[in-house]
Amino acid sequence: MQIRELKDWIIDYKKPLVIAGPCSVESEEQLRKSVLPIIDHVDILRGGIWKPRTRPGSFEGVGEKGLQWMSSLKKEVSFKFATEVATPKHVELALKYGVDVLWIGARTTVNPFNVSELASALQGIDIPVFVKNPIHPELSLWKGALERFSKAGITKLGAIHRGFHTYEKKKYRNAPFWQIPLELKSEFPQLPLICDPSHIGGTRDLIEPLAQRALDLDYDGVMIEAHTDPTHALSDAEQQVSTSTLLEIVSNLKPRDASFTEKSYLDQLEVIREKIDQADRELLEAIAVRMSLVEKIGEFKKENNVAIFQISRWKEIFKSRSEWGKQLNLDDEFTVDLLRLLHQQSVKKQTEVFNMIEDEQNHSNE
Ligand code: PEP
Ligand code: MN
């Protein structure tokens with residue numbers, strides 16, 4: 001994919017890129033009051049014009065008249081405006097009223113038919129497009145959507161991480177699964193990666209810590225929902241912050257990479273990385289030792305006609321290791337996941353040993 005850097009098309013770009021504004025444009029007055037106080041502190045103002053709502057009957061956006069309010073406000077003050085487009089008609093209207101940046105919502109990214117239609121509608125048009133992750137944790141759909149826009153000639157591309165739907169509702173409205181956007185970034189290092197802590201968190205108090213976490217992971221920017229009167233917002237009232245809180249959050253955010261260009265930080269980083277390399281080496285050597293013991297026990301079980309899997313031993317392993325993990329301050333869920341993986345590999349190895357001995361016996365019978 002041919003992707004242009006943010007600094008090529010954002011005037012005075014300085015990390016982090018800040019996109020902020022209301023979840024939805026609701027009225028001309030609400031738009032003015034949500035935009036004017038923050039205009040000098042954000043790079044791009046956001047506002048949903050068409051809202052993808054799960055159930056019918058809820059507020060579905062003001063549509064074209066919102067674009068008229070936005071374009072008349074642009075005659076008074078200068079700003080870049082971003083909105084979500086989900087159909088070619090949205091694209092046509094957004095372009096007609098001078099929307100500067102488009103984003104593709106999570107409910108659209110999941111559908112390759114929709115994405116193709118949007119990409120065709122944008123063929124040959126030089127407008128920035130940010131693609132939100134699909135609703136469910138499937139990296140290939142996210143990549144596929146980005147590739148479709150890239151093929152249509154869009155070079156000002158970006159990805160927005162807004163979290164993933166899960167049935168288990170824990171702390172977050174949408175589980176972050178940070179490894180997915182990080183995998184995307186490692187495959188396309190030049191692709192700007194933006195975090196949307198509002199849709200991940202779902203509540204106001206989680207916005208700042210999530211945004212900072214993203215910057216700690218070297219994201220390029222954030223997209224935050226801010227409203228003049230968040231508690232009375234017509235959509236996503238629990239997660240929108242007030243315009244004054246937004247300004248506080250933006251001034252508190254610390255981009256992390258700048259200090260790493262200094263030599264002393266780089267040296268220290270190098271020392272820690274070397275220790276991590278060493279620890280990983282020892283970890284793999286210990287796993288290799290464990291695997292050779294597994295092979296031995298496989299041979300022993302086979303010779304003595306004992307089943308590979310014994311539930312009592314399995315239970316004992318999980319119980320004792322989980323205790324050891326806790327004593328070592330390891331997260332219990334992590335310890336259990338790791339053991340499950342080791343145990344799976346161990347059963348696989350022992351099965352191979354069983355089959356191998358059988359093969360040998362078969363051959364010697366010949
Ligand atoms: C939004 O940004 O307001 C929105 C609807 O987002 P998502 O597509 O992430 O649900
Ligand atoms: Mn929203």
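Remember, it's a predicted structure, so these values are computed and weren't measured experimentally. One is the number of the first residue; the rest follow in order along the sequence. Values below: every heavy atom of this structure, side chains too, minus hydrogens, waters and symmetry copies. Every number for a ligand or one of its atoms is a count from 1 in the order of the listing.
The contact set between ligand 1 and Arg46, taken as ligand atoms under 4.0 Å from a residue heavy atom, comprises 1 (C), 2 (O), 3 (O). The contact set between ligand 1 and Gly105, taken as ligand atoms under 4.0 Å from a residue heavy atom, comprises 8 (O). Atom numbering of ligand 1 starts at 1 in the shown order; those under 4.0 Å from a heavy atom of Glu225 are 1 (C), 3 (O).
Between Asp43 and Lys80 there is no salt bridge, since none of the side-chain N atoms of the basic residue sits less than 4.0 Å from a carboxylate O of the acidic one. Salt bridge status for Glu92 with Lys96: absent, with no side-chain N to carboxylate O gap under 4.0 Å. Comment: Lys319 does not engage Glu323 in a salt bridge, judged by the lack of any side-chain N to carboxylate O separation of less than 4.0 angstrom.
Looking at Met223 against ligand 1, nothing comes within 4.0 Å, counting heavy atoms.
With the Mn ion (ligand 2) as vertex, Cys23 SG and His199 NE2 subtend 170°, rounded to 10°.
When the shell of 6.0 Å around NZ of Lys74 is examined, it contains more than 12 heavy atoms from other residues, nucleotides or ligands. Within a 6.0 Å sphere centred on CD1 of Ile297, heavy atoms belonging to other residues, nucleotides or ligands number 12 at most. Within 6.0 Å of CZ in Phe59 there are more than 12 heavy atoms belonging to other residues, nucleotides or ligands.
If you check which protein heavy atom lies closest to atom 9 (O) of ligand 1, you get Arg162 NE, 2.6 Å. Atom 4 (C) of ligand 1 has His199 NE2, 3.5 Å as its closest protein atom, hydrogens excluded (heavy atom only). Protein heavy atom at the shortest distance from atom 6 (O) of ligand 1 is Lys132 NZ, 2.9 Å.
Distances between N or O atoms of Lys51 and those of ligand 1 include at least one value under 3.5 Å. For Ala106, a nitrogen or oxygen atom sits less than 3.5 Å from a nitrogen or oxygen atom of ligand 1, counting backbone and side chain alike. In terms of polar-atom proximity, Glu84 is not counted as a contact of ligand 1, lacking any N or O under 3.5 Å from an N or O of the ligand.
Sorting the N, O or S atoms of Glu225 by how far they are from the Mn ion (ligand 2) puts OE2 first. Asp236 contributes atom OD2 as its closest N/O/S atom to the Mn ion (ligand 2).
At least one heavy atom of Cys23 sits closer than 4.0 Å to an atom of ligand 1.
Residues His232 and His227 form no side-chain contact, since every pair of their non-hydrogen atoms from C-beta on lies 4.5 Å or further apart. Residues Arg162 and Phe164 are not in side-chain contact: their nearest non-hydrogen atoms beyond the backbone lie 4.5 Å or more apart.
No option in Lys132, His161, Arg46 other than Lys132 meets the side-chain hydrogen bond (donor to acceptor under 3.5 Å, both in side chains) test with Asp196.
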